[in-house]
Amino acid sequence: MDKERELELKLILGSNLRGWNISENFIAEKNLAGDPWEFGYAFGVSRPLQLAARAHECAFCPEKFQAGVEMYGGLGDTDGFGLHLTSQYLGPTVNWSAPHGMTVAFSPQFGLNGYSIPVLYRFSVSYEFEQFFSHFHRSGQ
Amino acid sequence: MTSRSSLFSIATLLIISSSLAGFATSNGAWLTNVPQRERERVNPYRDQPDAVAAGRRIYLDHCAHCHGNDADGTKKRPSLKSARVQQEATDGDLHWLLVNGNRGQGMPSWVKLGDPQIWQVICYVKSLH
């Protein structure tokens, strides 16, 4: 049985500025069988539809939704760094912070060149474990 | 990119990001790190009647896990009804702490909430005196 082993490194940067969330990722990936390093990137900006929270509980308040735009694609490999012969995508993103820590995201992505699939639809459901390691941390009293 | 390598990446990121979050700050040393300008900041939501209720919602979503539903603290986390939080720390001090965190003592940054929600949760915490 053939086994494909890859090493993948990601630099994930994020910042918040006046209500805007800005994220920049750089990806380096290597097939351990000997292929060259391949590179990619992702860049996104998003913002809640409303920054302040409402006084009453609500699942579909504007502050529970984030809208933005994301762009990602390849950056070539060690034999040829750049956008040449790479697929590139751009599209809007919508996130909904559902009750109990769940986040639902949807994003249609549009291919920007001939090497890209014309349209991709991305849908995800995620859960964030807040303060996961706090259970194992000493008391600070 | 294989699904196996993607799963490995996600798991690694989950562990790293989780290790940067969590824990509490309770020794008060952070107060000496707050710049004077930050300390003097005025809470723009202080006199808004709905701010305390909105702040309580945010608190229950993000803070109660460590500090308890009524902010009385837990075995490992400090009470937010202490004299340090209620009297010694200004709204600006708490805003600085929530933005910057104090990871050495286990308090994560909550900058992702954005300024309005940070000020609202401060309104709630300060209403507990």
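None of these values were measured; they are calculated from a predicted model. First the proteins, then the strands, lettered A, B, ... as listed; each starts at 1.
- Between the side chain of Gln120(B) and the main chain of Ala53(A), a donor-acceptor pair closer than 3.5 Å is present.
- Chain A forms the most heavy-atom pairs under 4.5 Å with one residue out of Ala54(B), Gly73(B), Gly114(B), Gly55(B), and that residue is Ala54(B).
- Taking hydrophobic clusters as Ile, Leu, Val, Met, Phe, Trp and Tyr residues chained together by side-chain heavy-atom distances below 4.5 Å, Phe106(A) shares a cluster with Val125(A).
- Ranked by heavy-atom pairs under 4.5 Å with chain B, the list Leu17(A), Asn21(A), Asn16(A) is led by Asn16(A).
- With a threshold of 4.5 angstrom between heavy atoms, His56(A) approaches chain B through N, CA, C or O but not through any side-chain atom.
- Judged purely by atom type and a 3.5 angstrom limit, Gln117(B) uses its side chain to pair as donor or acceptor with the backbone of Leu51(A).
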Please tabulate, one pair per line, all N/O donor-acceptor pairs under 3.5 Å involving side-chain atoms of residues 122-129 of chain B, not counting sequence neighbours.
from: Tyr124(B); atom 1: OH; to: Arg56(B); atom 2: NH1; distance (Å): 2.8
from: Lys126(B); atom 1: NZ; to: Val85(B); atom 2: O; distance (Å): 2.8
from: Lys126(B); atom 1: NZ; to: Gln86(B); atom 2: O; distance (Å): 3.2
from: Lys126(B); atom 1: NZ; to: Ala89(B); atom 2: O; distance (Å): 2.4
from: Ser127(B); atom 1: OG; to: Tyr124(B); atom 2: O; distance (Å): 2.5

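- The hydrophobic cluster containing Trp96(A) also contains Leu49(A), counting ILVMFWY residues as joined when their side-chain heavy atoms lie under 4.5 angstrom apart, directly or transitively.
- For residues 63-89 of chain A, the interface with chain B (any heavy-atom pair closer than 4.5 Å) comprises Glu63(A), Lys64(A), sorted by residue number.
- Heavy-atom contacts from other residues, nucleotides or ligands closer than 6.0 Å to CZ of Arg122(A) number more than 12.
- In this structure, Tyr115(A) is not a member of the same hydrophobic cluster as Phe39(A), with clusters built from ILVMFWY side-chain heavy atoms closer than 4.5 Å.
- Taken together through direct or relayed side-chain contacts under 4.5 Å among Ile, Leu, Val, Met, Phe, Trp and Tyr, Leu112(A) and Ile117(A) form parts of separate hydrophobic clusters.
- In this structure, the side chain of Arg57(B) engages the main chain of Arg54(A) through a donor-acceptor pair within 3.5 Å.
- Hydrophobic clustering (ILVMFWY, side-chain heavy atoms < 4.5 Å, transitive): Val42(B) and Val121(B) are in distinct clusters.
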